[in-house]
Number of protein chains: 2
Amino acid sequence: MRVAELSRRSGVSVASIKYYLREGLLPPGELTSPNQAHYDEEHLRRLRLVRALLDVGGLTVAGARDVLATVDDEQVDLHVALGTAQDAVMASVQPVEDDASVRAEKVVADLVARRGWRVSENNAGRRAAVDVLATLDRLGGDQVVGLLDVYAEAMEAVGDREVAAVVDRDEREGSVERVVVGIVLGGALIAALRGMAQESASARRVGPSGER
Amino acid sequence: MRVAELSRRSGVSVASIKYYLREGLLPPGELTSPNQAHYDEEHLRRLRLVRALLDVGGLTVAGARDVLATVDDEQVDLHVALGTAQDAVMASVQPVEDDASVRAEKVVADLVARRGWRVSENNAGRRAAVDVLATLDRLGGDQVVGLLDVYAEAMEAVGDREVAAVVDRDEREGSVERVVVGIVLGGALIAALRGMAQESASARRVGPSGER
DNA sequence: AGACTCGGATAGTTCTACTCTCCGTTCATG
DNA sequence: CATGAACGGAGAGTAGAACTATCCGAGTCT
């Protein structure tokens, strides 16, 4: 298969495919002559993965490159892959050191202790959580903070089941890719389901008879 | 307070404040003369909200404007505000009508029926869920789909508690803003906590002794 | 043989979110 | 009350991200 067919089968323009090749998201095709390459089903799969990370996962091209480099690295273990994927998904605001963020750090530390979680200081989720809580502190409302334990409980269940789902498979063989897809697309799915659950709960409050 | 002080107290540059004024994210200050305006604490609050939506929530300026218009609209009820905020948060990929998306729609419809949810056809979360599931279908893996009910159960609990937290307050008076903040920053917080829970679960699998 | 397509490289485009510059006015300080 | 800094408002300019278009000389199809 050459680039035109890869484009047709994936729905991605030839120009974009060339761009992804340049950026290292897609490995080069096998050269049959100095200026002819051919691509296989694996390239098609990879291209679809790239689009999934960009479109659905909302990663930047640079973030996707980092994640895919981890997927390609045979050395990397699942725990490290987890961290890399999380880094790419979490929009990191560079933190300001005011008293709101100090309080937020304490809230997170208390939560971690309370739940007995084992989370490193520089886990992407932890940094993001501090950011969000500091922002909420600055906004002055306390509505979300009251739900912190509800969220934590729900996510503990989710996280456990997700990690179990990955481990309960015969070792390696695409499992890093599964971790990455799980983190990125799983996050999008969770957000989507939250939206549905919220609307459902809200609709029930508005009126059980069914009007909207 | 004039713009320089607003800038100093918020940490947002004067140029950006002017930009937000132009874009309608921030209401104009009260004019004391044709070319002098003064801003109050409410403007400061609003500016912090704007930065929260943009930085932490990841909204675009256009999305934030829509959401803030809803916050300002006295007519709008909580159920509608919920929808507007969800629309702004969910990155909508324009859907392709292939058989993967047809299957995904059925999976979502089954889920909704199974859980007895009341979700409209064009709820942002529902459309996003179809997108994600169709993408997963195209990728060929089934790992995330197996967790669908785990996610749904967790989000049902979350959604119920969130809606209850909003309703269990004396009516109106900033409650639309609370809904918006809850949806946008709550989503970021959930994603962050998932990251923490995943790392914790993964660390436990790697070794209970504590190495990383 | 000749039109089409290829891979690779470079330059250009579009969009978003600012940021800069300018203008005439007003405020603040000496 | 002079004068320089700050103001509000408008328009143009900029930086970064993600493509997209053009060009080239070389291969491929019929």
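Below, chain A is the first sequence line, B the second, and so on; all start at residue 1.
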What side-chain donor-acceptor pairs closer than 3.5 Å can you find for residues 27-38 of chain A, not counting sequence neighbours?
from: A/Thr32; atom 1: OG1; to: A/Gln36; atom 2: O; distance (Å): 3.4
from: A/Gln36; atom 1: OE1; to: A/Arg2; atom 2: NH1; distance (Å): 3.3

Indicate every side-chain donor-acceptor pair of residues 184-197 of chain A with a distance under 3.5 Å to a residue at least two apart or in another chain.
from: A/Arg194; atom 1: NH1; to: B/Glu162; atom 2: OE1; distance (Å): 3.4
from: A/Arg194; atom 1: NH1; to: B/Glu162; atom 2: OE2; distance (Å): 2.5
from: A/Arg194; atom 1: NH2; to: B/Ile183; atom 2: O; distance (Å): 2.4

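In this structure, B/Glu5 atom CD and C/dC27 atom P are separated by 16 Å, rounded to whole Å. One interatomic measurement links the two molecules: CD of A/Glu23 to P of C/dT10, which rounds to 13 Å at whole-angstrom precision. Remark: P of C/dG7 and CZ of A/Arg2 are 7 Å apart, rounded to the nearest angstrom.
Within residues 24-48 of chain A, the residues having any heavy atom closer than 4.0 Å to DNA chain C are, in order of number, A/Leu31, A/Asn35, A/Gln36, A/Ala37, A/Tyr39.
The stretch residues 84-95 of chain B participates, sequence neighbours left out, in these salt bridge (charged side-chain N to carboxylate O under 4.0 Å, His left out) pairs: B/Asp87-B/Arg127. Counting only residues at least two apart or on different chains, the ring-ring contact (aromatic ring centres under 6.0 Å, His included) pairs with a member in residues 41-74 of chain B are B/Tyr39-B/His43. Sorted by first and then second residue, the pairs that involve residues 11-24 of chain B and meet salt bridge (charged side-chain N to carboxylate O under 4.0 Å, His left out), not counting sequence neighbours, are B/Glu23-B/Arg65. Under the salt bridge (charged side-chain N to carboxylate O under 4.0 Å, His left out) criterion, the residue pairs touching residues 148-161 of chain B are B/Arg114-B/Asp149, B/Arg115-B/Glu153, B/Arg115-B/Glu156, with sequence neighbours excluded.
The salt bridge (Lys or Arg N to Asp or Glu O under 4.0 Å) check on B/Arg45 picks up B/Glu42, B/Glu177, with sequence neighbours excluded. In this structure, the side-chain contact (heavy atoms from CB on, under 4.5 Å) partners of A/Asp131, at least two apart in sequence or on a different chain, are A/Val93, A/Pro95. With sequence neighbours left out, B/Glu41 forms a side-chain contact (heavy atoms from CB on, under 4.5 Å) with B/Met1, B/Arg9, B/Leu44.
Among the heavy atoms of the strands lying under 4.0 Å from A/Ala15 is at least one base atom, whether or not backbone atoms are also near.
Protein chain A contacts DNA chain D from D/dA18 to D/dT28, reading 5' to 3' and using non-hydrogen atoms of the protein with a distance under 4.0 Å.
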* **Base versus backbone protein contacts along nucleotides 11-17 of chain C [heavy-atom cut-off under 4.0 Å; B, S, -]** => ------B
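Ion pairing between A/Asp72 and A/Arg46 holds under the 4.0 Å rule for side-chain N and carboxylate O.
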